[in-house]
Amino acid sequence: MSCPQNMLNGVAGSILENDVVDSDGKRRRIPSLSLPQRENAFLIMIQISHSIVDDLPMPWFGLDIGGTLTKLVYFEPTDTDEFIDPETERLVAKTIHNYLVSNKAYGEAGVRDVYLQLNNVNINARTGVIHFIRFPTERMPYFIQLVKSKGFAQMSSTVCATGGGAIKYSKDAEQELGIQFYKADELESLIKGIEFVAANNPDECFYYDNPLDEEKCRKFIWRWSSARCSSTDEERKDEHVKDGLQYPYVVCNIGSGVSVLVVRGKSQFERASGSSIGGGFFAGLCCMLCKCETFEEAIELAARGDNKNVDKLVRDIYGGDYDSVGLPGDTVAASFGKCCASDREKIRVEDLARSALVTTCNNIGSIALNVAISHGIDRIVFVGNFLRVNPIASRHLAHAMNFWSKGTKKALFLSHEGYFGAVGCLDKLVDVTEMRRNHRNGNGVDPVMHKDS
Ligand SMILES: Nc1ncnc2c1ncn2[C@@H]1O[C@H](COP(=O)(O)OP(=O)(O)OP(=O)(O)O)[C@@H](O)[C@H]1O
Ligand SMILES: CC(C)(CO)[C@@H](O)C(=O)NCCC(=O)O
């Protein structure tokens, strides 16, 4: 929040004199004051805090309700001030802290990805920590009951929501919890989230060198904001670091399904392609063919398998490379092509899982590369929870981009994988604050009454 100027109306002079709110909207603790000054400042701060609460009640949540997984991000303010923040807000923050932040698992299937926690970030003029939590979307009814039973719904809070489920479940949230979502578009949130996290976490982005070589494969940080790799940080430390991200880039989001986007500038993107052969396809095949119960189990199985026992390769057909069209012998010619062979009994479930993984990656890689080539873009950023605990897929995609583009296209990966939509929809907070401010000034609509915007 740039400091809500209208919040300062009437008390602005005193606030600036007392250094309570910076001119750019940053909140600061007041230096020690004499007693009368303190009383004066206290009254002013009560007014400010009420204005802030009135603008956008804490706590702030971002919810991305996807086809398979629901991602929940919780922004926990760390700049709380007993003089500025109302006691109710501090109590709510404490209650949430005691439940969400002190635990790593919730119910049967909720998990907090502690290692992804982002500290010291600024959102809407507040400083705090972003916590990352996920659970299967099929548990949504249970989640709603949990929120109800813990009394979280009664705590006046602001929930920004995106993903198909933000539409699908909005009635349930309203009827069961009395909560209305501030809805945001999933792809717009995805890009906003990527740019926010990449700008706040210098180590967010990485790529692989020699991705398929077990001995030589190395992961390098890609300093996105300065378009350089971490290994050159030292020698280039005196160079001017450019602000923001380097455009254009392609985003390939591998969730249940796949969306491929071309991003040309801030808030300037288009969905160029997509595919139903994504994370849901891989997980579904492994469930049916290999009787896997979980995604993690499917990945572990695939790690021990060999797709060459399942897929028909170019060399199975040609006896070697198909030189005249540039197809190496180890290219998959027909996915699952050996499953009809008379000796198919020797195929193991591990091999089937590996083939499902390779088939999924090949199809996604081909679509993403086509988009990059047809739009003349060199960097392709792969995100989505299909890449969770799945370095085989990332390395396979990295190799495919490099090999099929003859080294001209680079695959990049982001460590917050599937959480960008949930982070990006928090951007709605800024819009809502603005709308509320306008409403209070007598212009525009009340966002509480128009949460579907
Ligand atoms: N713990 C998990 N449980 C289920 N699937 C998982 C898990 N971890 C990773 N995955 C993979 O991630 C995919 C879902 O990814 P993601 O959360 O990015 O998409 P989504 O938002 O659910 O789907 P969409 O965007 O298509 O609506 C699953 O299809 C599966 O391949
Ligand atoms: C439908 C969405 C956008 C939902 O996130 C995603 O699952 C997807 O992009 N699926 C692929 C649809 C297509 O074939 O283009």
Side-chain angles (χ1 to χ4, degrees), residues 62-73 104-113 116 132-140 143 161-169 183-191 193-194 250-262 269-288 290 292-302 353 356-361 363-364 366-368 370-371 381-394 397 413-425:
L63 196 55
D64 176 3
I65 311 173
T68 307
L69 290 177
T70 295
K71 283 73 64 178
L72 173 70
V73 298
K104 290 180 192 166
Y106 316 92
E108 277 173 35
V111 176
R112 183 160 62 93
D113 288 313
L116 291 180
F132 296 86
I133 295 154
R134 64 184 152 84
F135 58 88
T137 299
E138 65 176 17
R139 307 284 294 173
M140 200 61 194
F143 172 74
T162 191
I167 314 291
K168 187 174 163 185
Y169 290 101
K183 297 190 193 82
D185 175 75
E186 69 168 293
L187 298 180
E188 203 177 318
S189 299
L190 172 75
I191 304 300
I194 288 176
V250 167
V251 172
C252 180
N253 183 35
I254 319 173
S256 318
V258 183
S259 284
V260 186
L261 316 172
V262 168
F269 74 89
E270 62 172 299
R271 185 179 189 272
S273 190
S275 170
S276 59
I277 311 289
F281 172 81
F282 165 72
L285 275 190
C286 289
C287 270
M288 299 306 287
C290 316
C292 293
E293 293 292 334
T294 63
F295 176 77
E296 288 79 0
E297 206 185 312
I299 295 295
E300 276 167 31
L301 217 51
L357 192 60
V358 170
T359 303
T360 308
C361 289
N363 199 63
I364 294 169
S366 147
I367 292 167
N370 276 338
V371 169
V381 185
F382 290 92
V383 293
N385 275 321
F386 171 65
L387 300 176
R388 240 197 87 240
V389 294
N390 194 359
I392 303 173
S394 302
L397 287 165
F413 303 90
L414 301 180
S415 46
H416 284 79
E417 291 148 351
Y419 278 110
F420 299 106
V423 174
C425 77

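In listed order, ligands and their atoms are each counted from 1. Residues take their numbers from the sequence shown, with the count starting at 1. Note: hydrogens, waters and symmetry copies are ignored here, and every other heavy atom, side chains too, is used.
Interface atoms of ligand 1 facing Gly279, defined by a heavy-atom separation under 4.0 Å, are 29 (O), 30 (C), 31 (O). Residue-ligand proximity, Ser276 to ligand 2, at heavy-atom distances under 4.0 Å covers atoms 14 (O). Ligand-side atoms of ligand 1 in range of Gly384: 18 (O), range being under 4.0 angstrom from any heavy atom.
Not one N or O of Phe295 is nearer than 3.5 Å to an N or O of ligand 1, by distance alone. Ligand 2 has no nitrogen or oxygen under 3.5 angstrom from a nitrogen or oxygen of Ser273. Polar contact check, Arg388 against ligand 1: a nitrogen or oxygen pair lies under 3.5 Å apart. For ligand 1, the polar-atom distance check finds an N/O of Gly67 within less than 3.5 Å of one of the ligand's N/O atoms. For a threshold of 3.5 Å applied to N or O pairs, the pair formed by Phe282 and ligand 1 contains no separation below that value. Backbone and side-chain nitrogen or oxygen atoms of Leu69 are examined, and one is located within less than 3.5 angstrom of a nitrogen or oxygen of ligand 1. Checked by distance only, ligand 1 and Ser256 come closer than 3.5 Å through their nitrogen or oxygen atoms.
With hydrogens and angles ignored, the 3.5 Å screen pairs no side-chain donor or acceptor of Thr70 with any backbone N or O of Ile65. No donor-acceptor pair under 3.5 Å is formed between the side chain of Asp113 and the backbone N or O of Leu116.
Residue, atom and distance of the protein heavy atom nearest to atom 11 (C) of ligand 2 are Ser275 O, 3.2 Å. Annotation: atom 15 (O) of ligand 2 to nearest protein heavy atom, Arg271 NH2, 2.9 Å. Of the protein's non-hydrogen atoms, the one nearest atom 19 (O) of ligand 1 is Gly255 CA, 3.1 Å. The shortest contact between atom 25 (O) of ligand 1 and any protein heavy atom is with Glu186 OE1, 4.0 Å. Among protein heavy atoms, atom 5 (O) of ligand 2 sits closest to Glu186 OE1, 2.9 Å.
Considering each of Thr360, Asn385, Val383, Val258, the one bringing a non-hydrogen atom nearest atom 12 (O) of ligand 1 is Asn385.
Remark: distances from the non-hydrogen atoms of Gly164 to ligand 1 are all 4.0 Å or more. Close to ligand 1: Gly257, with a non-hydrogen atom less than 4.0 angstrom away.
In terms of heavy atoms, Thr137 sits closest to Leu69 at OG1-C, 3.1 Å.
Proximity of Lys71 to ligand 1, defined as any heavy-atom pair under 4.0 Å, is confined to the side chain (atoms from C-beta onward).
The aromatic rings of Phe382 and Phe413 sit parallel to each other, their planes meeting at less than 30°, with 60° as the upper class boundary.
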